[in-house]
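Reminder, nothing fancy here: chain letters follow the sequence lines and each chain counts from 1.
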There are 2 protein chains.
Amino acid sequence: MTKDMTPLLGYRLKLAQHALHRRMEEALRPLGLSPAQYAVLAELNARPDQTNADLAERAFITPQSMQGVLTKLEGSGLVERRQDARHGRRQLARLTGEGRLKAEAANAAVMRVEDLLEAAVHPACVQDAVDLMNRLHNAMCE
Amino acid sequence: MTKDMTPLLGYRLKLAQHALHRRMEEALRPLGLSPAQYAVLAELNARPDQTNADLAERAFITPQSMQGVLTKLEGSGLVERRQDARHGRRQLARLTGEGRLKAEAANAAVMRVEDLLEAAVHPACVQDAVDLMNRLHNAMCE
DNA sequence: TATATTATATCAGGATCCTGATACTACCCA
DNA sequence: TGGGTAGTATCAGGATCCTGATATAATATA
């Protein structure tokens, strides 16, 4: 006989993240950004002048996929890339002025979602929840 | 100044689920199944004779997407669909004999991942972790 | 009964991720 | 100094999800 899978922790983790992703999409849609695009803007806002490969690694996607994201953001005028003076192949990405404004607006929208998420646990337990996520993450990475 | 986003709960939730998804892909790859395909087999194993629309709703994807999954599983001989005698349009899906064997093998592989995941928390706290995921999920669904 | 609404399946096309392959640049080291 | 290795960008093609549109069958309703 097969067990009922629905009460399992992995399934619940998937459900929670799926709902969060939907909420993120909704929060960012008015700004014309996808979650992936937002992640790049936030990252470049915190640490300018990163290569495509750097950004891909931080976002857990391949450099090929990040290429598409970055090219689109560049086409929208939110990001600019220029040659690394000391490296013939590297291209360093940074936010434009418009990109910085967009990143700040997106951060505000995302923080509203984060606040809703954290409101689901007692204020004193937020760190416990973060620790739990870290333990689950580490368990899946060996 | 922009806050550092990395310690936030939503980000950690995303990371944990991402790592779990990778593990699931690895666990299912030897069986020739994707996580989405596994979900359908497990669901049909527990509840046979569901329509494409039913399965799509349970898996949180569109009927159009589920069509592709189901058509592929049908082509692999793991699932069969037949007309509902009382509904001219409905097609009911169920596992073939081979499909049942595959579903059982996949369940075993997935349970090994689930065990690793649950090992990251004290045995007495697994239910607490499940409850936390449910609270986070509900917070994102209003 | 006749029509509108709902449910279901399916076609077409777009977005974003992936893997594999290729070209060019930088770095290490024998 | 010269050649292998590693890093970076990019092209090509595949998988899977999405939205929008269409066709048909069942059901509700006037």
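Computed from coordinates, the E57(A) CD to dG7(D) C1' distance equals 12 Å when rounded to whole Å. One can place CG of D84(A) at 10 Å from P of dA9(D), the figure rounded to the nearest angstrom. Residue Q91(A) contributes atom CD, which lies 14 Å from atom C1' of dG7(D) at whole-angstrom precision. If you take CD of Q83(B) and P of dT24(D), they are 14 Å apart, rounded to a whole angstrom. The CZ atom of R90(A) sits 8 Å away from the C1' atom of dG7(D) (whole-angstrom rounding).
In this structure, the side chains of T71(B) and R81(B) come closer than 4.5 Å at one or more pairs of heavy atoms. Looking at heavy atoms from C-beta onward, E114(B) lies in side-chain contact with E118(B) at the 4.5 angstrom threshold. Residues V110(B) and M24(B) have side chains in contact (heavy-atom distance under 4.5 Å, counting atoms from C-beta outward).
At a cut-off of 3.5 Å, with distance as the only test, a side-chain donor of N134(A) or R12(B) sits close to an acceptor on the other residue.
Look at R47(B) and E43(B) and you find a salt bridge, because one of the NZ, NE, NH1 or NH2 atoms lies within 4.0 Å of a carboxylate O, short of that distance. Of the charged side-chain nitrogens involved, at least one lies within less than 4.0 Å of a carboxylate oxygen, so that D49(B) and R82(B) count as a salt-bridged pair.
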Problem set entry | R58(B) and Q50(B): CA distance, side-chain angles, deciding distance, side chain to side chain donor-acceptor pair (under 3.5 Å) verdict | CA-CA 11 Å; R58(B) 288 189 188 274; Q50(B) 298 190 64; 3.1 Å; yes
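Take E25(A) and apply the salt bridge (Lys or Arg N to Asp or Glu O under 4.0 Å) test, not counting sequence neighbours, and it matches R22(A).
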Seminar exercise, completed: Each nucleotide of nucleotides 11-19 of chain D classed B (base within 4.0 Å of a protein heavy atom), S (only sugar-phosphate) or -, in 5' to 3' order, makes B----SBBB
Atom pairs under 3.5 Å: protein N/O with N/O of nucleotides 23-27 of chain C:
| residue | atom | partner | partner atom | Å |
| --- | --- | --- | --- | --- |
| dC24(C) | O2 | R89(A) | NE | 3.2 |
| dT25(C) | O3' | G88(A) | N | 3.3 |
| dA26(C) | OP1 | G88(A) | N | 2.6 |

